[in-house]
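In what follows, a structure is listed as structure tokens, so that the remarks can point back to it.
Residue numbering restarts at 1 for every chain, and letters A, B, ... go by the order of the sequence lines.
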Protein chains: 2
Amino acid sequence: MKATIKDVAKLAGVSFKTVSRVINREPSVGDELKERVWAAAKELNYQPNISARQLRGASSFIAFIYDNPNSHYVIEMQHGLLAECRAQGYELLIHPLSAGSGDIMADLEQLLSTGHIAGLVLTPPFSENPALIDALRQRQLHFVRIVSASDDPAESEPCIYVDDYQAAFDITDYLAGLGHRRIAFLGGEDIHRSSVARRDGYLAALQQNGIAVDQALIVPGEFNFDSGAERTRRLLALQPVPTAIFAANDEIAAGALFSARIHQVAVPQELSIVGFEDSPFSRQTWPKLTTAHQPNADIAGCAASHLIASIRASRNGSPGSGTDQALPANGFRPQLVVRDSTCPAPQ
Amino acid sequence: MKATIKDVAKLAGVSFKTVSRVINREPSVGDELKERVWAAAKELNYQPNISARQLRGASSFIAFIYDNPNSHYVIEMQHGLLAECRAQGYELLIHPLSAGSGDIMADLEQLLSTGHIAGLVLTPPFSENPALIDALRQRQLHFVRIVSASDDPAESEPCIYVDDYQAAFDITDYLAGLGHRRIAFLGGEDIHRSSVARRDGYLAALQQNGIAVDQALIVPGEFNFDSGAERTRRLLALQPVPTAIFAANDEIAAGALFSARIHQVAVPQELSIVGFEDSPFSRQTWPKLTTAHQPNADIAGCAASHLIASIRASRNGSPGSGTDQALPANGFRPQLVVRDSTCPAPQ
DNA sequence: GGAAGACATGACAACGTTGTCATGACAATA
DNA sequence: TATTGTCATGACAACGTTGTCATGTCTTCC
């Protein structure tokens, strides 16, 4: 039926232990053997038996911890994670949590108590929750965090940085370049560092372009449509009215678009709107949204790859598995995508 | 750390095999021993090790098979499945597939070859692919299908029905009730039965309302934004122009909305548009979409519950587990949600 | 040139469980 | 009473993997 490690060993003409070593990327296997084993494994379509592996102690599930909403983000992440995990012989367990409910750690305990979890992939806001991170650290768990680059980078665990600051700077600078001077910023919840980082990038770009900060144009709120719509309603009542809105994500931007439409403000002629994330529906609004593209699947794949490397490193004793194979860079910078919701400032 | 079967055996003063027998409710264990073993198990808070058990044969994973796109649908399904699976002691494995690529079965083989999969949850279009279903049936696998009610209901496996036909009838009847006579239908790919069923419901409602079918108003295409936009562009060039569009899902509807906007056709005053699915963005368009709400999480939970029941029934030999516990009804009918994209026909 | 280390590989046990068979006790039958 | 059958229980192997240790080979350094 299904090929076992022994079948592979037989075909490759080595001991089954050597196959185990190759599969787990342990150092100190000859190159020729390595190749023979991989070839044999491929030919037999070998997949390690997770149960057996777990039984022996090494758990081989990666748990993906995420907050409920924001479905396209989650789906893209899942795809990236799945691809990388499968490629490396791990399975993915998805574990949505509600950021609101207080007993996050209790919920996680239960997940971990099964003893099958080799590591965790954390997304905001969990990846930026110091109490949670500390608890995980004390339990000596492997995890990787996907965070905003503004976060303190001096960590022992692997960490993937998304440079929200720079991307926000790029966006705001682009708007300023179009002649906009009254640029509003609609943030998200501040427990998401990305919201803070995007605001900081926005502020830096204003300064660089010699634009004075107007606190009335910086409206705190939530990462969702309704919050975007409501805040835009208030912005449009200001005198003088802003000529551009930088929304901290596409959902907020969609809400802004909606409100502009209600109040018969022409986008982009009278009001430019920029989102963030390049979610699918940013291409399905009218006008199509200018936004910053975030390669979520790649980010997730990178996270998985770093996490697995860290798990393996700790298994083979810490010594320099450095040469094993190059890990992808752990920094990402979302790229501005110009569509139809922005244009030069009126007059 | 965790108590094993041997610890229990030691405490109860029996062989570990006897404990195994008691735990698995095998017959032929003395009553006194049975009690001693249960007491010991309880005292040590014994939980069988799933990995070890799987290694020996029994599997306890449910795999969720779905097509890539349509992310909110997938996420909602996942949540429903997770809740039910966890509650029943199973774990969920997600497995996206590309409906386009030819070797679906080959991909599945690989998943199944691990031997950890107790059953499959299939969504369209996989749940409606006869070749695939046949292959699964021959492999004697447990699975549950989520399909359109138009599907042939005489099956041996559990099946969850979504009554697309009736929901589409409701929508079309509602439009007719608003005085619309030229109602267009924008379908999806016909390998999705739901597309066919929705068209059939549309046709039936036209007939009931004494409206002649105009083939020019029934435009085949795909379940996505671009296809909706393109087809609407063509519809708007017709003479006389349709006064309402029934789109087979929200994405198509969003495309229709986009095209109407481009061609400066007022929605809903000149053109009513209805979607299907009630995806989050149907509340974030302008105007907000009238659509049919589909309780995806509930549907998924129901599917999991039926699947697990079927798995358990086959394990304990087939005999009458009928009284075990009531299963939820396996039929769902999406409900019309009226928002702002529809109104009485002009004139 | 010989000793000491580094490296590559293999033999074997162990993980916790269930299936198979063997054992012994006791009851039922001839 | 001797024989067979049934029942309760236990000993042991097996599942597929990884960790530990042992073995052998090839460098390197004095």
Side-chain angles (χ1 to χ4, degrees), chain A residues 1-37 40-41 44-61 88-91 114-116 118 308 311-317 319-321 323-324, chain B residues 1-37 40-41 44-60 113-116 315-316:
Chain A
M1 269 267 149
K2 62 193 163 173
T4 79
I5 202 172
K6 291 186 181 171
D7 300 326
V8 177
K10 207 157 155 192
L11 183 60
V14 299
S15 84
F16 71 94
K17 178 61 207 184
T18 300
V19 176
S20 169
R21 277 195 258 263
V22 173
I23 297 294
N24 290 288
R25 275 82 161 172
E26 291 180 29
S28 86
V29 176
D31 286 342
E32 195 218 278
L33 277 197
K34 222 182 275 186
E35 261 178 58
R36 273 216 325 262
V37 169
L44 296 176
N45 196 18
Y46 168 72
Q47 286 286 105
N49 179 314
I50 296 194
S51 298
R53 186 182 267 178
Q54 304 218 122
L55 186 53
R56 199 57 192 87
S59 29
S60 39
F61 283 96
Q88 302 234 26
Y90 282 78
E91 261 301 342
T114 64
H116 299 164
I308 293 173
I311 292 168
R312 293 215 169 109
S314 90
R315 263 232 289 283
N316 309 339
S321 60
T323 56
D324 224 6
Chain B
M1 274 269 151
K2 249 182 336 186
T4 78
I5 203 172
K6 290 186 182 172
D7 300 326
V8 177
K10 206 158 156 189
L11 183 61
V14 298
S15 84
F16 71 94
K17 178 62 206 183
T18 299
V19 176
S20 170
R21 278 195 256 264
V22 173
I23 297 295
N24 290 289
R25 276 89 162 168
E26 290 179 30
S28 83
V29 177
D31 285 342
E32 195 218 276
L33 277 197
K34 224 181 273 185
E35 262 177 58
R36 267 202 350 247
V37 169
L44 295 176
N45 194 23
Y46 169 72
Q47 287 286 103
N49 179 314
I50 294 193
S51 298
R53 187 178 267 178
Q54 299 217 127
L55 190 53
R56 269 320 257 155
S59 34
S60 37
S113 72
T114 64
H116 299 163
R315 262 235 285 284
N316 308 340

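- A:Asn49 has no side-chain polar atom (N or O) that falls below the 4.0 Å cut-off from OP1 or OP2 of D:dC15.
- Between A:Leu33 and A:Phe16, the residue anchored closer to the 5' end of DNA chain C is A:Leu33, taking for each the nucleotide with the nearest heavy atom.
- Here B:Ser15 reaches the OP1 or OP2 of D:dG10: one of its side-chain N or O atoms lies under 4.0 Å away.
- Contact between the side-chain N/O atoms of A:Arg53 and the OP1/OP2 oxygens of D:dT18 is found at a separation under 4.0 Å.
- B:Arg36 has its CZ atom 13 Å from the C1' atom of D:dA8, to the nearest Å.
- Taking atom CG of B:Asp7 as the reference point, atom P of C:dG16 lies 8 Å away to the nearest angstrom.
- Atom OH in A:Tyr90 sits about 14 Å away from atom P in D:dT17, given to the nearest Å.
- Counting any heavy atom pair closer than 4.0 Å across all strands shown, A:Ser20 reaches a base atom.
- Rounded to a whole Å, the NZ atom of A:Lys17 is 11 Å from the C1' atom of C:dA11.
- In A:Lys10, the NZ atom is not crowded: 12 or fewer heavy atoms of neighbouring residues, nucleotides or ligands sit closer than 6.0 Å.
- A side chain to side chain contact (heavy atoms under 4.5 Å, CB included) with A:Asp7 holds for exactly one of A:Ile5, A:Leu11, A:Thr4; it is A:Thr4.
- On a pure distance criterion of 3.5 Å, no polar donor-acceptor pair joins the side chain of B:Lys6 and the base of C:dG16.
- Between A:Thr18 and C:dG10 there is a side-chain polar atom (N or O) within less than 4.0 angstrom of OP1 or OP2.
- No donor-acceptor pair closer than 3.5 Å links the side chain of A:Arg21 to the backbone N or O of A:Glu26.
- We find that CD1 of A:Ile5 is positioned 14 Å from P of C:dA11, with the value rounded to whole Å.
- Of the candidate nucleotides C:dT18, D:dT20, D:dG10, D:dT20 has the atom nearest to the side chain of A:Arg21.
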Original post:
Does the side chain to side chain contact (heavy atoms under 4.5 Å, CB included) test come out yes or no for A:Arg25 and A:Ile308, once each step is laid out?
Top reply: CA-CA 11 Å; A:Arg25 275 82 161 172; A:Ile308 293 173; over 6 Å; no

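- Between A:Asn24 atom CG and D:dT18 atom P there is a gap of 4 Å when expressed in whole angstrom units.
- Here the rule is side chain to side chain contact (heavy atoms under 4.5 Å, CB included) with A:Thr18, and of A:Ile23, A:Leu33, A:Val8 only A:Leu33 fits it.
- Whole-Å rounding puts the B:Lys34 NZ to D:dC7 P distance at 14 Å.
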